[in-house]
There are 2 protein chains.
Amino acid sequence: MSQTLPDLVGLRPPVGKRSGRREQILNVFLRQEGHLGADELVELVRREDQGISRATVYRALQWMVEAGIARKVDLGEGRFRFEHSYRHPRHFHLICKSCNRSSEFLSPDIEALVEEVASARSFSARQSVLQIYGTCAECRTGRQATPDEGATDLLFARDALRIAIATEQSGLEFYSRAAQAARNPRGRRCFQRLAGEERVHLGELEARYRKLLAGDPQLEARPTFLFFKGAANGLFAAGADQIGRGVSDLEALMTAIRCERASHRFFKRYGARFEDSEGKQIFLEFAEAERAHLERLVREYRLLSKRPARQRARRARGPSASA
Amino acid sequence: MSQTLPDLVGLRPPVGKRSGRREQILNVFLRQEGHLGADELVELVRREDQGISRATVYRALQWMVEAGIARKVDLGEGRFRFEHSYRHPRHFHLICKSCNRSSEFLSPDIEALVEEVASARSFSARQSVLQIYGTCAECRTGRQATPDEGATDLLFARDALRIAIATEQSGLEFYSRAAQAARNPRGRRCFQRLAGEERVHLGELEARYRKLLAGDPQLEARPTFLFFKGAANGLFAAGADQIGRGVSDLEALMTAIRCERASHRFFKRYGARFEDSEGKQIFLEFAEAERAHLERLVREYRLLSKRPARQRARRARGPSASA
DNA sequence: CTAGGTGCAAATAATTTGCAGAGGC
DNA sequence: GCCTCTGCAAATTATTTGCACCTAG
């Protein structure tokens, strides 16, 4: 919010030249939130400095887009709008035709499907734009609601934590059940340890969530920003059902590995999208925690499965060891 | 293609007046395929009739959009383009920034996610636009490929049939396995009968598919138009794994019911989107077939479960029958 | 005869460009 | 001093509008 430019411009090497005017325009632009029309920016800049021409602002915007500081978005009106990319990742839009306001959301699920379609058509996608036009709740009911604009990074952090918590919860559930159902004492101990760790980690995450909410009491009530189906019930939900249906410890371990891996991947890949922000940090830390678990699980799996189905490739290098 | 207007205009009561000029413009417009710029249409119309002014064409287009004959699309250039809705349902776009061509696709999966997001935000969505910008395969490899434009309804029919066939195949697999694994002779007979029906139906669908391809030899090679994950392996794929894992006949029946119902819903809902076309017909016929199966399954389920878990509501109307 | 469609030319609206001058390194 | 930014005004592009006229019902 109160961040000054250097960091920002550092996103990509500024292609054009720095100059007083540009910095001035950039400064005004960055102070704004939401989607700004070019002319609105001219208006705002002129409020501070009368002598700036429209063309200069247009040129500055052009430069900002090239430099990756701003994104040009078309919200279906006749003109373009601009939003800055700082702490504001690519997202999709819900656009109300009645009040002309727009709100944003993220959906890894949709992104994944888009990627699939593109790759099926061997199309190399650089950017995708999804706009949902319609009428927002406020316009239909007449009630006023929280202004949705801005604070995207906080919403992201909140939803990241929620997903992480849901994942931990389902993981805890999974490991607890697995420990109970375990046949092998070694397996039982392993699952118990994992469950214990999940419990601790869960506590930490919940504390962090409470702390985040304490900073902004309205935060909890804000609508979902990050939609991710896979995490609605935690990434282990699917696996947890399996336990108690007579699967072996080894199978349970395998399921756990799959779940942890999926979780690790998701958090790592998605965390990378954001510029520096709390949400990104949460995502990446969580990814790291999952990776640690994953490693432990894989080690455990190897130990538990006394004779691997096939010799591991690394051992099959030379024919020295006989079968 | 060679369809004349009456049907088309009938889509919605034509709001404005019919007039020589408009019909002329409309005619030219409908003969085109793909996305037409307003000025391009002016150009085309003037080739037939010199004396038509730009304003008239613009007004005609406006009217067509209002009448539901045309859709105004923004492909991210500075101007709008128009496409006619006849045999051309709402779809998404892949837009090549290099050759400026765009190709279309459908994705019920994405649509479903969009609906979920909208409803989570209590946003009533009227229309959603998804554009994927990037570079197409032809531009990257230099090779020329099948022109993708047009013939959307044939592609839709082709993909509808593919999905239907995959569904039938997985259904056949499911019922065959279930019949083998059945414990109850009545259950076995039921599953066998269903498997038999699926086989017949599958044959019909495959014949229809071959017939469709015969009409246009290039059709098979064209890229996927309708992306639907649920059907990649047939809608029964998930259920089929279950069989042989010691589930009861009743559980298998329940799974079958779920699968058939999902399939029925999908085909019915999605079929409804299209204007009259072969694809729509395939979808709706298939939905009907699934409905018939579904009814049979439900009847069978009731018979097989001799004592329902709870008394059915319809019987619990009066307190005459004692527990 | 009259509502609405049509042509022409002018208006609009967002954005870009040519050119002369100003400013930072 | 050079190169690029800047301001101003004019150009451009896509689309709309005012107005007089025409045409179908």
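We name chains A, B, ... by the order of the sequence lines, and we start the count at 1 in each one. Hydrogens, waters and symmetry mates play no part in the numbers below; they use all other heavy atoms, side chains included.
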Starting at atom [atom1] of [X], determine the distance to atom [atom2] of [N], rounded to an integer number of angstrom.
X: B:Arg54; N: D:dT17; atom1: CZ; atom2: C1'; answer: 15 Å
X: B:Arg81; N: D:dT15; atom1: CZ; atom2: P; answer: 10 Å
X: B:Gln50; N: C:dC8; atom1: CD; atom2: C1'; answer: 16 Å
X: B:Ile52; N: C:dC8; atom1: CD1; atom2: P; answer: 11 Å
X: A:Gln62; N: D:dT6; atom1: CD; atom2: C1'; answer: 14 Å
X: B:Arg22; N: D:dG25; atom1: CZ; atom2: P; answer: 14 Å
X: B:Leu61; N: C:dT6; atom1: CG; atom2: P; answer: 12 Å
X: B:Leu26; N: C:dT6; atom1: CG; atom2: P; answer: 12 Å

If you go through the side-chain atoms of A:Arg59, does one of them form a donor-acceptor pair with the base of D:dG7 closer than 3.5 Å?
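Present.
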Under the side-chain contact (heavy atoms from CB on, under 4.5 Å) rule, what do A:Val129 and B:Tyr133 come out as? Steps first, then yes or no, please.
CA-CA 8 Å; A:Val129 173; B:Tyr133 297 96; 3.7 Å; yes
Is it true that B:Asp74 and B:Arg79 have a side-chain N and a carboxylate O under 4.0 angstrom from each other?
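Here B:Asp74 does not pair with B:Arg79 in a salt bridge, since their nearest N and O are not under 4.0 Å apart.
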Any carboxylate oxygen within less than 4.0 angstrom of a Lys/Arg side-chain nitrogen, looking at B:Glu111 and B:Arg90?
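No salt bridge links B:Glu111 with B:Arg90.
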Assess whether atom CD of A:Glu48 is packed by more than 12 heavy atoms of other residues, nucleotides or ligands within 6.0 Å.
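For A:Glu48, atom CD is crowded (more than 12 foreign heavy atoms under 6.0 Å).
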Does CZ belonging to A:Arg140 count more than 12 external heavy atoms closer than 6.0 Å?
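Correct, the count exceeds 12.
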Nucleotide nearest A:Ala55 when distance is taken to its side chain, options C:dT6, D:dT6, D:dC8:
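Nearest listed nucleotide: D:dC8.
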Please tell me which of the listed nucleotides, D:dT15, C:dT16, C:dG7, lies nearest to the side chain of A:Tyr58?
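For A:Tyr58, the side-chain atoms sit closest to C:dT16.
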Using heavy atoms and a sub-4.0 Å distance, could you list which residues of residues 37-48 of chain A are near DNA chain C? By number, please.
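Those residues are A:Ala38.
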Please list, in numerical order, the residues of residues 70-80 of chain A that have a heavy atom closer than 4.0 Å to any atom of DNA chain C.
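Output list: A:Arg79, A:Phe80.
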Would you give the length of the straight line joining atom [atom1] of [X] to atom [atom2] of [Y], rounded to the nearest 0.5 angstrom?
X: B:Leu219; Y: B:Arg158; atom1: CG; atom2: CZ; value: 5.5 Å
X: B:Leu113; Y: B:Ser107; atom1: CG; atom2: OG; value: 8.0 Å
X: A:Arg81; Y: A:Leu61; atom1: CZ; atom2: CG; value: 12.0 Å

Does C:dG7 have its OP1 or OP2 closer than 4.0 Å to a side-chain nitrogen or oxygen of B:Ser53?
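Checking B:Ser53 against C:dG7: at least one side-chain N or O falls below 4.0 Å of OP1 or OP2.
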I want to know whether B:Phe156 and B:Phe274 have ring centres closer than 6.0 Å.
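That pair passes the under 6.0 Å test.
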